[in-house]
Undergrad: 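Okay, handing you the structure first.
The structure displayed is predicted, hence computed values, not measured ones.
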Amino acid sequence: MKRSIKITESSKQNNDEIDLFELFETLWRGKWKIIVTTVIATLVGVAFSLSKPNLYKVSTPIQNGKPSVFLKHNIINDVIKDNGLNLTDENLNGYAIDSPTIFSMVIDEFNDYEIMRNVVSNDEFVRQSIKDLDEDDKRKALIEYAKLFVITPPSKNETNWTLSFEWHDDGEGTRLLSEALTLTLINVKKTLLNDIDQLATSVEKKIQRELEVVRSELNLIKQKHKITNNKHILYLVEQSAIAKELGIEMNTLDANALAQTRPSGVLLNISSKEVPLYLSGFKALDKEISLIRSRSEEGQLLMAEGYTEAATKRISLENDLSASQLRNSLKSIENDNPNNWIQFDLTLADSKSQNKSELYVALSILLGGMFGAMYVLVSNS
């Protein structure tokens, strides 16, 4: 029984060897068919790789400008902060002219694709590729071309943003990207100038509003004091008349008499407000009336409650230079070179060809040989 099993296994092995030998013999007889199929597939692969336009991927780091570049604009930041309009975690709509804020403005402006679309629309290669399209398709095609130029945020293991693009000609792509970045920085500069000008106008309006409030407050203080002052003079006149009627010329009050001790030993305090004013004597009262009436308007207002504080605030607002300082700073921004606001170097960019010609040819050879071998085996089965 064991011997029979060994004979069967030996027979299967011999059959496998015979079948494998016949397989190679069949492939050898049809070798020319396999070679021709492989050559044809290779030629197709070469033609495909040649017809496919070459594509380059270029990338380079891009980062904030140096903080020293923005030191000259610190006066603007100080004015903005003094007016409570500075950019903070609580006030995301605030203003600031510094390295991170300007870089963020550049990223937002570039990723809008408007500038990049206008730049690529003037490229000869793009114009030829979209010349037969209708206006709507042209617009979509230009957007797709613009999206080939991107600024991407850093990954977990990186610190810098990356400026990159994919284009059929790395030199031409670099030129287009450089032009788009220049226009982006110019737009950011225009936006910044417009924002500062509007901010100066806003500060001016704020100062004017506060001045109107303070002037209204001063006018109210003036009117109230005039009424109070006339009332006080009238009271003094009446008290003086009583003193004259009673023949009280000089002050007859004894300050020590206002504090008397009862026989029981309890101290009796008499407030000066409880003592009739005419007891001061009409001579003192007439003098006080004369002094009050002889005061200038400014002198009378100085005696009014709240006038000093309001007048001080008015002077401070009238001499506030915030708006003029902001407008004067516009010249420093206009004279600034925006190319220094970010850091990148396209001459040091890493350029890699995306055309996989060798891969296409190798796959063509492999597929051609496999197809030829299958054809030979099937036709001789």
Undergrad: Test of understanding: with side chain to side chain donor-acceptor pair (under 3.5 Å), list the residues that count as partners of Lys244, not counting sequence neighbours.
TA: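 Expected list: Asp286.
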Undergrad: Between the side chain of Thr174 and the main-chain N/O of Asp170, is any donor-acceptor distance below 3.5 Å?
TA: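 Checking the backbone N and O of Asp170 against the side chain of Thr174, a donor-acceptor pair under 3.5 Å is found.
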Undergrad: Can any side-chain N or O of Asp98 pair as donor or acceptor with the backbone N or O of Phe70 at less than 3.5 Å?
TA: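 Pair absent, no side-chain N/O of Asp98 close to backbone of Phe70.
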Undergrad: Mind checking what makes side chain to side chain donor-acceptor pair (under 3.5 Å) contact with Thr60, not counting sequence neighbours?
TA: none
Undergrad: Restricting to pairs with a member in residues 172-191, which pass salt bridge (Lys or Arg N to Asp or Glu O under 4.0 Å), not counting sequence neighbours?
TA: Glu172-Arg175, Arg175-Glu179
Undergrad: Could you note down all residue pairs passing salt bridge (Lys or Arg N to Asp or Glu O under 4.0 Å) where residues 211-233 supplies at least one of them, sequence neighbours left out?
TA: Arg215-Glu318, Lys222-Glu297
Undergrad: With sequence neighbours excluded, what pairs up with Arg327 under the salt bridge (charged side-chain N to carboxylate O under 4.0 Å, His left out) test?
TA: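 For Arg327, the residues satisfying salt bridge (charged side-chain N to carboxylate O under 4.0 Å, His left out) (neighbours in sequence not counted) are Asp197, Glu204.
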Undergrad: In chain order, what residues pass the salt bridge (charged side-chain N to carboxylate O under 4.0 Å, His left out) check against Glu298, with sequence neighbours excluded?
TA: none
Undergrad: With sequence neighbours excluded, what pairs up with Asp123 under the side chain to side chain donor-acceptor pair (under 3.5 Å) test?
TA: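 Scan of Asp123 (side chain to side chain donor-acceptor pair (under 3.5 Å), adjacent residues dropped) gives none.
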Undergrad: Which atom pairs, one a donor and one an acceptor, fall under 3.5 Å between side chains of residues 335-344 and the rest of the protein, sequence neighbours left out?
TA:
unit_1, atom_1, unit_2, atom_2, d
Asn335, ND2, Lys331, O, 3.1
Asp336, OD2, His73, NE2, 3.0
Asp336, OD2, Trp341, NE1, 3.2
Asn337, OD1, Asn339, N, 3.2
Asn337, OD1, Asn339, ND2, 3.4
Gln343, NE2, Asn64, O, 2.7

Undergrad: Please, which pairs that meet side-chain hydrogen bond (donor to acceptor under 3.5 Å, both in side chains) have at least one residue in residues 106-118, sequence neighbours excluded?
TA: Glu109-Asn187, Glu114-Arg117
Undergrad: Let's go through Val203 and Val79 carefully: what are the C-alpha distance in whole Å and the side-chain angles of both, what is the deciding distance for side-chain contact (heavy atoms from CB on, under 4.5 Å) to 0.1 Å, and is it a yes or a no?
TA: CA-CA 10 Å; Val203 171; Val79 173; 5.6 Å; no
Undergrad: Name all residues meeting the ring pair (Phe, Tyr, Trp, His ring centres under 6.0 Å) criterion together with Phe165; count only those two or more places apart in sequence or in a different chain, and write none if there are none.
TA: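 Result, ring pair (Phe, Tyr, Trp, His ring centres under 6.0 Å) vs Phe165: Phe149.
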Undergrad: Would you please indicate if the ring centroids of Phe125 and His168 are separated by under 6.0 Å?
TA: yes
Undergrad: Given the rule in the side-chain contact (heavy atoms from CB on, under 4.5 Å) test, do Lys205 and Gln208 qualify, once you have shown the distances and angles that lead to the verdict?
TA: CA-CA 5 Å; Lys205 291 181 178 179; Gln208 288 302 318; 5.6 Å; no
Undergrad: As an exercise, state the distance from CG of Leu218 to CG of Leu301, rounded to the nearest 0.5 Å.
TA: 8.5 Å
Undergrad: Could you list the residues that satisfy side chain to side chain donor-acceptor pair (under 3.5 Å) with Ser129, not counting sequence neighbours?
TA: Tyr145
Undergrad: Starting from Ile292, walk the hydrophobic network (Ile, Leu, Val, Met, Phe, Trp, Tyr; side-chain heavy atoms closer than 4.5 Å) and list everyone else you reach, by chain and number.
TA: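 The other cluster members (ILVMFWY side chains, heavy atoms under 4.5 Å, direct or chained) are Ile233, Tyr235, Leu236, Val237, Leu277, Leu285, Ile289.
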Undergrad: If we ignore hydrogens and angles and just use 3.5 Å, is the side chain of Thr184 paired with the main-chain N or O of Ala180 as donor and acceptor?
TA: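 Between the backbone of Ala180 and the side chain of Thr184 there is a qualifying donor-acceptor contact (under 3.5 Å).
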Undergrad: Any side-chain donor-acceptor pair under 3.5 Å between Ser155 and Asn157?
TA: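 Note: Ser155 and Asn157 side chains miss the donor-acceptor criterion.
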Undergrad: What distance separates Ile76 CD1 from Ile196 CD1, expressed to the nearest 0.5 Å?
TA: 5.0 Å
Undergrad: Is the side chain of Arg314 donor-acceptor paired with the backbone N or O of Leu211 at a distance under 3.5 Å, no angle test?
TA: no
Undergrad: Any salt bridge linking Arg139 with Asp136? Criterion: basic side-chain nitrogen under 4.0 Å from a carboxylate oxygen.
TA: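 Salt bridge present between Arg139 and Asp136.
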Undergrad: What's the spacing between Thr182 OG1 and Leu185 CG if we round to 0.5 Å?
TA: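 The distance works out to 6.5 Å.
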